[in-house]
Amino acid sequence: MKAMVFHLGSINIDRVYSLDHIVAPGETERASNLAFFPGGKGLNQSIALARAGAAVRQIGAVGTSDGEPLRILLSENGVQIDAIQTVPGETGHAVILVDAAGMNSIIVTPGANACVTTAQIQSAISTAKSGDFFLAQNETSCLPDAIRLAHRANLRIFLNPSPITPELEVSPLELVSDFLLNETEAAFLANCPVSTDPGTILNRLLFRFPNARFVLTCGAAGAWYADAQTPPFLSPSFPTDPIDTTAAGDTFAGFYIAAIADSLPPREAMRLANAAAAISITRPGASPSIPTAREVARFLASKSCASLSSRHES
């Protein structure tokens, strides 16, 4: 039976402003476009998981005033939504600034995401079986309790500790099985400058959390993997012309975890995840940019054909 991914994650409405460049403090810039998209790291990663073929049950909350379309969207994408509560008020919102090069800056207000309860999480994972996964970020309430509950249920715990907040310091991170990190998050947990080379960061993380596995995404450079038995290695990215990088990390996370759930080794899982992320950045928006497993397979097949053709020509 396929592993279930129990996913504690945020559900947002994204307001995406297109700008020539990201504004500096005190600067005013006129946006060339404003678009509204469904988003939130939780919603994005759940959709990525489902489109990659994983079984996923989202735990979260939306507001009565604007949340139902997001529940419907998740359900239409194959995500189980019975553990998503509807609470008074508004759903979480994000303001996303995207510059001409596709880079972004994000501000999030939690809204209903701050209303998730420990009892809700406990109820949602009460049906978990051996071999199931638990995934969380840091955009909802109750993260420390959620990690403890998932550990007691013997779930393999994946954590994407975004955003970095004081709550992370009181979370039982030693119980986390797998960390999915960008360079800023990894440097924070390793207590070193962001400019530190990935190998050093990963070695420091392994010293702090010797039983965990680490995936460190480094943008256009690709992603690194390390665990106690595996020296750090780089999985290169696939070069593309970016339009919007907003969902790249979430797409990578969803496809990576889905591949691990299918028992693929980390190197193969990371190649799939890099391919999915490469497709996503060529499209606008967050969840609308996430590809399907079939699209990723076609993309990788085209790269293999191109590589064979190049070898024959040489």
State whether the side chain of [X] and the backbone N or O of [Y] hold a donor-acceptor pair below 3.5 Å, judged by distance alone.
X	Y	answer
Lys2	Gly53	yes
Thr91	Gly63	yes
Arg204	Asn191	yes
Glu29	Ile22	no
Ser123	Gln120	no
Arg208	Leu189	yes
Asn138	Pro163	yes
Ser302	Phe299	yes
Ser280	Ser289	no
Ser10	Lys41	yes

So, Ser162 versus Asn160: side-chain donor-acceptor pair below 3.5 Å or not?
-> no
Test side chain to side chain contact (heavy atoms under 4.5 Å, CB included) applied to Ile260 and Phe158, step by step = CA-CA 11 Å; Ile260 296 297; Phe158 290 76; 4.2 Å; yes
Walk me through it: do Asn274 and Phe252 pass the test side chain to side chain contact (heavy atoms under 4.5 Å, CB included)?
-> CA-CA 6 Å; Asn274 273 325; Phe252 181 100; 3.5 Å; yes
Could you check if a side-chain atom of [X] sits within less than 4.5 angstrom of a side-chain atom of [Y], using non-hydrogen atoms only?
X	Y	answer
Phe238	Ile279	no
Ile201	Phe214	no
Leu73	Ser287	yes
Arg15	Phe36	yes
Ile281	Thr240	yes
Leu74	Ile47	yes

Working for side chain to side chain contact (heavy atoms under 4.5 Å, CB included), residues Asn77 and Ile290 = CA-CA 11 Å; Asn77 276 274; Ile290 299 170; over 6 Å; no
Asn33, CG: over 12 other non-hydrogen atoms inside 6.0 angstrom =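 For Asn33, atom CG is crowded (more than 12 foreign heavy atoms under 6.0 Å).
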Should the pair Arg71-Glu68 be classified as a salt bridge under the 4.0 Å nitrogen-to-oxygen rule?
-> yes
Name of the residue among Thr109, Val108, Asn44 meeting side-chain contact (heavy atoms from CB on, under 4.5 Å) with Asn12 = Val108
